[in-house]
Amino acid sequence: MTTIRAIRGMNDILPDESSYWQYLESAVAAVLTSYGYGEIRLPLVEQTALFRRSIGEVTDIVEKEMYSFDDRNGESLTLRPEGTAGCVRAAIQNGLLGTPQRLWYSGPMFRYERPQKGRQRQFHQVGAEAFGIATPDIDAELILMTARLWRVLGIADHVQLQLNSIGSSAARQAYREALVNYLSGHREALDEDSQRRLQSNPLRILDSKHPGTRDVLANAPVLTDYLDAESREDFARLCELLQAASVSYVVNPRLVRGLDYYNKTVFEWVTDKLGAQGTVCAGGRYDGLVAQLGGKPCPGIGFALGKERLVLMLEALALAPPAAASADIYVVNAGAAAETAAFAALETVRDALPALRIVQHAGGGSFRSQLKKADKSGARWALIWGEDEVAAGTVTVKSLREQGLQESLPVADLAGYLAHHSSP
Ligand code: ATP
Ligand code: MG
């Protein structure tokens, strides 16, 4: 029989690797919490219509990346490809938008893409969203939060902030016309995708990696020249605030982002440590989205970071949390009476010292084989129960680090002894 394997692009994260994930996740949660953001937990599945209406019909995600299926009642559902749409849906539905809201979430997202390094079909993001604040101070806050996170993680020297304003939708409309005008004159030089986008989503052409298209783009009109006054002022203020907080950035007038709902500020944190998949965090303002999804008009801004790519960076830069041994103590208990004595004593020790990681040997076997396992476990101590200990009501504590260090003590003294000796 053939064995069943995981879906391509949907990876297992094994204990060796999950220590990086835990390190990343606890750092992110601590930073977000310290800025007053509250965690929101959202469903993985939403109505397909939610994503079509928010992300946009002619985007990569909606055109070809969504995992959609019919529910038993025939309704079309989709595994969420990103978090903002669901977060906005939840904020509207639960009446959260009467006052400013700072929210964050974390979890898997699903996109049908070609799997490669830093690109999966099930991948994981942390996102933050701030609602109800139209001024660029909140744009600055979100960016400062990410900058702090890179410092906490130790990767600040390896990421660069790219920043742009894509203006109001009216400004974008005017620019769009100018761009289409210009590009239509160079249609033959464009790649096939870009020719198609000329009708459907011309701004996305700015993202093209095709060399011919890039040559044409070099002389294309730039969005910056079409910005409305308010977007210009807000962007200038954002830049001032970032400078005041000593966050460096590069203005990239070609940065547009691939989702339809953005306006004004857009930003990406990029690295050269990961090859082609260089964006580790991306975000922007989406002032029209709440109303577009049926809520009372309410400005919003957010970002999402890709956990896989950050874990790859931590690995590439050898910024691992020290590979933790899985146990502090390994319990050797050969024979039924010894096993009974160990079970009777260890729960008391766990009550007294809940942080101590105690692995009790299970599955039987000789003294010798159990002691070998104790040595291999990386634990600092072995606790040994054999016939002699059972008869005497004692336990033997043996150091697995220092040769010959071993003592025998009454079981009743064990928790006290460990409390005294087991702190690192
Ligand atoms: P890309 O240009 O790399 O496809 P994107 O613009 O589609 O990225 P966003 O929707 O902005 O990505 O998602 C925010 C972040 O989530 C990205 O910057 C990236 O770090 C991560 N991300 C997006 N798609 C994937 C994926 N398929 N696998 C792993 N991480 C991803
Ligand atoms: Mg993508």
Side-chain angles (χ1 to χ4, degrees), residues 3-6 11-30 124 152-154 307 311 314-315 317-424:
T3 49
I4 295 177
R5 302 182 55 86
N11 298 337
D12 303 310
I13 298 165
L14 304 180
D16 266 356
E17 223 189 336
S18 62
S19 60
Y20 287 93
W21 287 72
Q22 289 168 357
Y23 172 69
L24 173 65
E25 284 161 357
S26 60
V28 179
H124 301 79
V152 169
L153 292 173
K307 291 202 236 175
V311 166
L314 294 173
E315 287 172 346
L317 296 166
L319 291 170
S326 56
D328 301 309
I329 290 177
Y330 195 95
V331 180
V332 170
N333 43 195
E339 196 178 280
T340 308
F343 267 104
L346 288 173
E347 286 305 306
T348 316
V349 175
R350 292 184 197 275
D351 287 342
L353 303 167
L356 205 60
R357 294 165 309 165
I358 305 171
V359 172
Q360 183 178 0
H361 180 83
S366 70
F367 247 132
R368 249 172 68 92
S369 71
Q370 292 195 25
L371 270 172
K372 264 197 195 151
K373 294 216 164 72
D375 273 327
K376 271 211 190 132
S377 73
R380 285 177 65 204
W381 302 93
L383 295 183
I384 300 169
W385 270 278
E387 275 171 28
D388 294 349
E389 282 84 359
V390 173
T394 58
V395 55
T396 298
V397 183
K398 178 178 191 296
S399 170
L400 297 172
R401 302 271 168 83
E402 285 168 75
Q403 197 86 52
L405 201 68
Q406 176 164 329
E407 33 187 326
S408 186
L409 48 129
V411 169
D413 296 348
L414 180 57
Y417 179 93
L418 291 175
H420 192 68
H421 288 85
S422 67
S423 48

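Not measured: the values here are computed from a predicted model.
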Assess the residue pair Val397 and Ile329 against the criterion (side chain to side chain contact (heavy atoms under 4.5 Å, CB included)); give the C-alpha distance rounded to whole Å, side-chain angles, the decisive distance to 0.1 Å, and a yes or no. CA-CA 10 Å; Val397 183; Ile329 290 177; over 6 Å; no
Starting from the C-alpha separation in whole Å, work towards a yes-or-no answer on side chain to side chain contact (heavy atoms under 4.5 Å, CB included) for Trp385 and Val411. CA-CA 10 Å; Trp385 270 278; Val411 169; 3.9 Å; yes
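Ring pair His361/Tyr330 is tilted by interplanar angle, where 30° to 60° counts as tilted.
Using a cutoff of 4.0 Å between basic side-chain nitrogens and carboxylate oxygens, Arg380 and Asp328 are not scored as salt-bridged.
Under the 4.5 Å side-chain criterion, counting only non-hydrogen atoms from C-beta, Ile13 is not in contact with Tyr20.
Remark: the Glu389 side chain and the Thr396 side chain contain an N/O donor-acceptor pair separated by less than 3.5 Å.
Leu24 and Leu153 get closest at one heavy-atom pair: CD1-CD1, 3.6 Å. Pairing each heavy atom of Ala374 with each of Val332, the nearest pair is CB-CG2, 4.3 Å. Minimum heavy-atom separation, Ala334 to Gly365: CB-O, 4.2 Å.
The environment of Glu387 atom CD is sparse: at most 12 non-hydrogen atoms of other residues, nucleotides or ligands sit within 6.0 angstrom.
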Tell me which donor-acceptor pairs under 3.5 Å the side chains of residues 339-351 have, and how far apart each pair is, sequence neighbours excluded?
{"residue": "Thr340", "atom": "OG1", "partner": "Ala336", "partner atom": "O", "Å": "2.8"}
{"residue": "Arg350", "atom": "NH1", "partner": "Ile358", "partner atom": "O", "Å": "3.4"}
{"residue": "Arg350", "atom": "NH2", "partner": "Ile358", "partner atom": "O", "Å": "3.2"}

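Contacts of Ser26 classified as side chain to side chain contact (heavy atoms under 4.5 Å, CB included), with partners at least two apart in sequence or in another chain: none.
Considering OG1 of Thr394 and CD of Glu407, their distance stands at 12.0 Å, rounded to 0.5 Å. Taken from CG in Leu383 to CG in Asn333, the straight-line distance is 9.5 Å, to the nearest 0.5 Å. Separation of atoms CD (Glu17) and CG (Asp12) is listed at 10.0 Å; rounding is to 0.5 Å. With values rounded to the nearest 0.5 angstrom, Gln406 atom CD is found 10.0 Å from Leu400 atom CG.
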